[in-house]
Amino acid sequence: MQYEAVIGLEIHAQLLTESKMFCGCPTKFGSEPNTQTCPVCIGMPGVLPVMNRKAIEYVIRTGIALNCGIAPHSRFARKNYFYPDLPKGYQISQYELPLCERGFVEITVSGDTRRIGLTRIHLEEDAGKNIHEGAGNESFVDLNRAGTPLMEIVSEPDIRSPQEAAEFVKKLRTVVRYIGVCDGNMEEGSLRCDANVSVRPAGQTELGTKTEIKNMNSFRFIEKALDYEIRRQIKMLKEGDRVIQETRLWDPNRGVTESMRSKEEAHDYRYFPDPDLMPVEVEQSWIDEITAGMVELPDVTRHRFIEKYSLSGDDADFIVSERVTAAWFEEAVNHGGDPKNVINWIKGDLMKLLNEDNRQIEGCLLTPRHLVGMLGLLDKGTISGKIAKTVFEEMYKTGKDAEAIVKEKGLVQMSDETGIEAIVDEVLSKSPQEVERFRAGDAKLMGFFVGQIMKLTKGKANPKIVNELLKKKLLG
Amino acid sequence: MELYRLGIAEARAAIDKGETSPMELTAALYKRIESLDDTIRSFVTLDKGNAMLRAEQTRPDSRHQLAGIPLAVKDNICTEGVRTTCSSKILENFVPPYESTVTKNLKEQGYVLIGKTNLDEFAMGSSTENSAFATTRNSWDITRVPGGSSGGSAAAVAADMCIAALGSDTGGSIRQPASFCGVVGLKPTYGRVSRYGLVAFASSLDQIGPITKNVQDSAILLNAISGHDPFDSTSADVAVPDFTSAIGKDIKGLKLGVPKEYFIEGMDKEVEEAVKQAIRKLESLGAVPVPISLPHTEYAVAAYYILATSEASSNLARYDGVKYGLRVEGKDLLDMYMNTREAGFGPEVKRRIILGTYALSSGYYDAYYKKAQQVRTLIKRDFEKAFETVDAIVTPTAPNPAFKIGEKTDDPLQMYLADIFTISVNLAGVPGISVPCGFTSQNLPVGLQIIGRHFDEEAVLKIAYAYEQATEWHMRRPEF
């Protein structure tokens, strides 16, 4: 029998607001424990929450970007449960009336584009962290993260494979980074993903029993964990077992999902509207204002780049995956760079250099203008392709423009035929054996001759002229 | 007259005229407390040293009404650096690192904090018998309760151990003890006064208000604590009038609704008579009594005990032994939680947490919490409809005068009914005041409740003041 997987995802994204959801504390990551706290986020007696309007704006912005309806009237609710990292004994979240509902995201896997529905996007506060390190069996609580605004994006169970799930998260990550609401850092946990997974015989409409998978903090782990879980469930069904509804934790070291809690599964969160907060009223004028201030979304940019610059789908996907990269590319093109050439330089040399330094394109000393300047020298034949790589690296390191580097280092290409001819003659006369072998049919030796000439000219000889002269002299 | 007898306006005048000083006044009150409070047990925490210091630091050129005036504050209102216990073991040693907005406002005016007053634990109760530390006594008869939950504040004002006090009112906790102790207690409109720093019992109902020796003082204290607070989203951004200028105006032609549902079978005959007498007095001053109906009154107590306990079950979840307050260790986390809350909370608090947890549980939410919210809406509408035809509503504050200590402790339902006439006002969010309107044959005070429209404390104060000035009840003092 064939089985089909049914996957729904819940994405938690920490918002890039400067202060927390309900107090003025900063949201910075990695500070000393409990240094970013105040009576409000510690949950002292008598304190009250005050909504961070920026956080609400960010969720609305996300809702617009993900084709959602924005609720004119929504409210916060309390989700009640006891845990040391939850200082009030309840989390302020949204339940019955979320800020955004009914949206969608389009994803493409192996050339197949599918629309994944979004059930809702709501706003809540993050919890702190329990720390079980150090001597003895004491535990500690760090409340720096408590109260950080957290956006929860819930998908419909429209996802059918681990690849689609990973693609969906990638797409969401790109969008939230584009619109500047979340840094998308999965390692630091500012973007987290949980999945609800079930399997059913292909063709059946009724859903199977689902499990919830947690702790998948990279795209690779999302694919691996879901792949494992789907296989596990199919195996159980094939063997006549029943899947138990439970929460399972992905263990990346062992490559398996493990049951986390089944005993406490029957959580009753006793949701009710938070009486400390007024309902959130979103006027259409506010939505319009946010829409007007919206950056171009990745799907739109992609489409535009394909139309305007005749990019291939793959190139477009690559260049729009990060907003800064897309902007860098377009600036270079606007300065006269050939789109295909510019993409190739970004994809190749620039990414290689950035990766080596573990840096981002932001703040890169090499600007789009520099690249275009260098491409001009290449076109005019002032420098060779090989020299260009050297120049590019130098621009990247120093932030100087190509012309200055070429001048400074004497990298101008030798295109004077007489000069090159003398060197060609010198090389050929020094290697009579090789000349003989080449004439006898060993065509590979062409490379040897070119190499010798480049060595003597420090790579500056115009390769086209070198090739022509060699052919003439050897095969003449 | 003895200095401790003074109210706010009188004390202000005496200080301004140089007849006394904040230090002398504070010292006189402390002397009074030292001789009386072993019997009355109004205060949970006293800090004479700091109070005297604050009194000494009063700027003689201050133009604030409350500069140098010694006030008592209910011990569920956070005061920076001064222990705030809620009369609960779980917060017995809790010293807030921050100031509530109301006391911040009072501090800015230069008030002198005389002490923190006793209450039913977490403001849950109607007699102050639920305090983990002591039962406060009614200064008119020390075998009786002062009412609650602001019993400590009301008793302290009645026994002249402070010039005035702050209380909090969730279902009658300012007005009912004011009625029992023969003083003036005002619950402002929900949202009029910031709740920031008031330890939450039921957030949608809680409101801080003044307990004073007379109506004018009530207006003065309300002026000082009212207004929008950016730290409390439920505080209303509406203009605050000068409440003192509302009083002293005549009440001719004002229509006063007299709801039939507030004169019921089983209420104390003397209370009923005193209140009816008071209504006749108001009529003689030119007001026009109008019989009205608030038809959903009979559901108020039931709805209240679902909503208030639901909110309380969540509000009190933070007392878990992890961050502050009492912790009783256990073999694991759950054990620590249970040991802490078992030892830290008294029986009434536990009862309400259990009730509220049940009402919010999945499967019961619609039948209880949701239904109670619907009832609350109907009760609100009752008032809105009544206020289409009347300017204020007059009722008894409580169905009985102060009852005996221990009389109702074994019967929570009887205790809950002590707030039967005050609860609807909290559910509707409107303002209400209790003013003394007579005494029973046993010399126990009776209170008249005057209820106004949303944000119309002015009408409430105006009527209360007119009545007070036409009678002499407020001049009587218990014999101490």
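Throughout, protein chains are lettered first and strands after them, A, B, ... in sequence-line order, and every chain is numbered starting at 1. Since the model is a prediction, treat every value here as computed from it, not as a measurement.
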**Request:** Would you mind telling me which of A/Lys79, A/Lys88, A/Arg78 makes a side chain to side chain contact (heavy atoms under 4.5 Å, CB included) with B/Ser314?
**Result:** A/Arg78
**Request:** Any chance you could measure A/Asp268, atom CG, to B/Tyr365, atom OH, to the nearest 0.5 Å?
**Result:** 12.0 Å
**Interface moiety of B/Tyr319 toward chain A, non-hydrogen atoms closer than 4.5 Å** = side chain
**Request:** Go through A/Met44 and B/Cys78 one step at a time and tell me if the side-chain contact (heavy atoms from CB on, under 4.5 Å) criterion holds.
**Result:** CA-CA 10 Å; A/Met44 288 245 169; B/Cys78 287; over 6 Å; no
**Request:** Under 4.5 Å heavy-atom distance to chain A, tell me which part of B/Val199 shows up: side chain, backbone, both or neither.
**Result:** both
**Item:** Heavy-atom contact with chain A under 4.5 Å, split by part of B/Leu91
**Value:** side chain
**Item:** 4.5 Å side-chain heavy-atom contact, A/Val47 and B/Tyr98
**Value:** yes
**Request:** Let me know if A/Val50 has heavy atoms under 4.5 Å from chain B in its side chain, its backbone, both or neither.
**Result:** both
**Item:** Residue part contacting chain B, namely of A/Asp276, when any heavy atom lies under 4.5 Å
**Value:** both
**Message:** Given heavy-atom pairs under 4.5 angstrom as the criterion, report whether the side chain, backbone, both or neither of A/Phe22 touches chain B.
**Reply:** neither
**Prompt:** What distance separates A/Leu48 CG from B/Thr234 OG1, expressed to the nearest 0.5 Å?
**Reply:** 6.5 Å
**Pairwise distance CZ(A/Phe82) to CG(B/Leu333) - rounded to 0.5 angstrom** = 10.5 Å
**Prompt:** A/Phe272 and B/Tyr369: aromatic ring centres closer than 6.0 Å?
**Reply:** yes
**Prompt:** Have A/Tyr90 and B/Arg318 got a donor and an acceptor in their side chains that come within less than 3.5 Å?
**Reply:** yes
**Asked** Any idea which of A/Ser139, A/Pro39, A/Cys38, A/Cys23 has the most non-hydrogen atom pairs under 4.5 angstrom with chain B?
**Response** A/Pro39
**Request:** May I ask you to test the A/Tyr269-B/Ser362 pair for a side-chain heavy-atom distance under 4.5 Å?
**Result:** no
**Message:** Heavy-atom pairs under 4.5 Å with chain B: which of A/Gly89, A/Pro275, A/Pro49 has the most?
**Reply:** A/Pro275
**Fill in**
CG of A/Asp274 to CD of B/Glu311, rounded to nearest 0.5 Å, is 9.0 Å
